[in-house]
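Each ligand, and each atom within it, is numbered from 1 in the order the structure gives.
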Amino acid sequence: MNSQEIRSKYLEFFKDKNHKIVASAPMVIKDDPTLLFTNSGMNQFKEFFLGNTEPKHLRVADTQKCLRVSGKHNDLEEVGKDTYHHTMFEMLGNWSFGDYFKVEAIAWAWEFLTEVCKIDKNSLYVTVFEGSNDADQLGQDAEALELWKKIVPESQILFGNKKDNFWEMGDQGPCGPCSEIHVDIRSDEEKAKVSGASLVNNDHPQVVEIWNLVFMQYNRKANGQLEVLPAKHVDTGMGFERLCMVMQGVKSNYDTDVFTPIIREIETITNSSYGKSEETDIAIRVIADHIRAVSFSIADGQLPSNTGAGYVIRRILRRAIRYGFTFLDTKEPFMYRLVKTLSDTMGKSFPELKSQKGLIENVIKEEENSFLKTLDQGLVLLDTMIASSKSKEIDGRKAFELYDTYGFPIDLTALILQERGFSLDEKGFDKAMQEQKNRSRSASEISKEDWTVLSKDMEQEFVGYDLLQTNVKLVKYRKVTSKKDGEQFQLVFNVTPFYPEGGGQVGDKGYLEASNGTIIYITDTKKENNEIIHFSENLPDNVTETFKAVVDEKQRQSTEANHTATHLLHQALREILGTHVEQKGSAVHSKYLRFDFSHFSKVTAEQLIDVENFVNARIDGNLPLQENRAVPMQQAIDAGAMALFGEKYGDAVRTIRFGKSIELCGGTHVKNTGDIWHFKITSEGAVASGIRRIEAITANAAKEFYFENNRILSEVKALLSNASNPVKTITSLQEENSKLKKEIESLQKDKAKNLKGDLQTEIQSLNGIDFLAKKVDVDAAGIKDVSFEMGQNKDNLFLVLAAENEGKVVLSCYISKELVAARNLNAVTVVKELGKYIQGGGGGQAFFATAGGKNADGIEEAIQKAKDYLR
Ligand code: SER
């Protein structure tokens, strides 16, 4: 079976067992503060396990794009070195939300592997949780053990500890014991020599875990304690690439048809061959793996950047580039050339790769170019470091600087040092790294108390589309403390008018009013695991009473104007620039809006005006809001609604329509485009290759913008003698100004010439030296010109000149070169000495130096001292 067929077989199998087949959630997570990337199939269902939301289907199956490169599940450094770990991989999964449990999960997994996939039963091993003696005090998973015993010989059942057989998504959240299924794909001869059982969970490349069946029965709380979940669930995850390896009878994931087309392409592009040396093989695997992670992230809307998820992506891409650079000798961008092959092989199952191919290529190419430049600069710095090092060991702190400031990878530093016969002070490097980590950790550390639950009724209702105030009751609350925001409270209500940050739109602010009139300010609203969390600085005195919750209406209204304008802007850009324009991000604040979109060149000034006019025409058209809160997804798409890749949509969606603009959107909007009043673009620029950003303002911010401009114009007019046409008047002033400047310059030159003649006559002979010290009336440039001209053809001149221009004093000393040598004189010493009197300092060369100062009263004394000095 090829990989397409294997994927379909899995989904068909569970469809037959009454599972709803759903789409993969985006790999980049946008609304969960605890995770940057989907690291397991179950992430998108977290809220069901926690009981925050009722699932529509109790049985679900899918293939999920996952990325394990940060946080609790991080495989990055392993990837490429072995043949079965990946950054991005597909996880096949089936779930039960409070429906079936261990009996069915175990039986079906076995049936699928042995009957559908026809994997030899004797090559399979299963593991069971042995229990724990730590604070959790968990017993053995006897239930699973009994079930396995019925179908698997006991010699193939093994026990595992908490690390391997108790699955937790993160430090908090749903968790439970698990049974893993491992497969031994070694040859019969090898199997006869060493038992497969002894190799399970022992990092053997041919005895690997393929499926993990998690039996979710607990929730790990912030204080570390486990609480039993209200209902029991199943969460299984199978490594798709590993299953392909087993089914296709090969010994490495990279030998399956998931990877071979990419590897062939790498061989062609880099003129290398896979399977010849361990070093190049690792590099090829790293690149084949990483191109997937990076391309899928970009397709999901996450571009490489300097912070957060974007930084993780940048690091992955850079890791691949430097493996190519070091082991495949790639000194030019090459990764972007793999995108086509990737999109050809996976585009059918993941159409986002196909539709965004051009963008993905562009972004990767630009990153490659800039990192290759960094590598070049880093190599130069490293050379300097080596040249100036007094010992054969290079200071770890210096290497850290290279890593931290220039992004130069430390393993590359170590490798180059080794090649040149130097070594790296690794301890010093680690120490510097640790210190930096400590600094950033303490800045970002957040401690959360456990929720205090006041009501078990967890259903929450958002009424903010219709109401800006309503009576609410607290369902639960907790205290969170962080260095950044200090102490805050998070409150959850039974019903709320507060819009939680999402879809680019900021969260609502406002207040709660208690019955005694006390006000508690709500500073922000966010969504976490599908719960609406309100942030406040304090807690009400009486948490059980009913409060009046009031949204800050002014802020909401300007935010709504900006949100609707964003939709109109999107429509305008597609109309004016073309339908290649796709939304790549947006930020809708109360004061401004920001819209990122794919487009390959600068938007011209004329196009920007067209865009503004297009949007303003729709604002003037007073288009009413047409909102539909529950349209079947397909129906919305058929009606032409814009859906974004990288967003998670349910079966039923909300559509927002203003005239011909229709978007899937959960945000809040004006009732009529007329409420936006006016739309004004304030900037246009590039965010990344192929991605542009427009910032704009509307409503009151636009009014203020025009008022402010008007005020400035009035001030300008007041300064002009002829104010009827300020542009014309200012242009002629500018012309006049530049003409005057030129005249002054030429006058200064003449003055310097005349000065020279006057000064020649004043030269005295002092100890056989031609000496003159004098205050003159020219500028600094003039002083230099005069000094050099007077010095021409003279071999014994000692000239000190000083001048004052607009409060600034300049003092210079010119000494003929012959004199410098013959009498051991130095103009720098002279100006330093004399500079004291004008309260200044300076420098220059032995034959000419200047000092700048601010004390004009000291000029006479300085001149006097010049004579003394020479005497
Ligand atoms: N959540 C489990 C895992 O990731 C099973 O899906 O291994």
Visitor: Please check if any side-chain donor atom of Gln248 sits under 3.5 Å from a side-chain acceptor atom of Thr256, or the reverse.
Guide: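 Looking only at side-chain atoms, Thr256 and Gln248 do not form any donor-acceptor pair under 3.5 Å.
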
Visitor: Here's a test for you: under ring-ring contact (aromatic ring centres under 6.0 Å, His included), which of Trp148, Phe159, Phe166 qualifies with Phe129?
Guide: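 The residue from Trp148, Phe159, Phe166 that satisfies ring-ring contact (aromatic ring centres under 6.0 Å, His included) with Phe129 turns out to be Phe166.
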
Visitor: With distance as the sole criterion, is a donor-acceptor pair present between the side chains of Asp62 and Gln44 under 3.5 Å?
Guide: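 Short answer, yes.
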
Visitor: Between Lys17 and Phe13, is NZ or CZ placed under 6.0 angstrom from the six-membered ring centre and within 45° of the ring axis?
Guide: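 Satisfied, under 6.0 Å and within 45°.
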
Visitor: Using a 4.0 angstrom limit on heavy atoms, which residues are close to ligand 1?
Guide: Ser40, Met42, Arg68, Met91, Trp167, Asn212, Val214, Asp235, Thr236, Gly237

Visitor: Taking atom types as modelled, is there a side-chain donor on Asn94 or Tyr100 under 3.5 Å from an acceptor on the other?
Guide: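 Yes.
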
Visitor: Is it true that Glu352 and Lys65 make a salt bridge, defined as a side-chain N closer than 4.0 Å to a carboxylate O?
Guide: yes

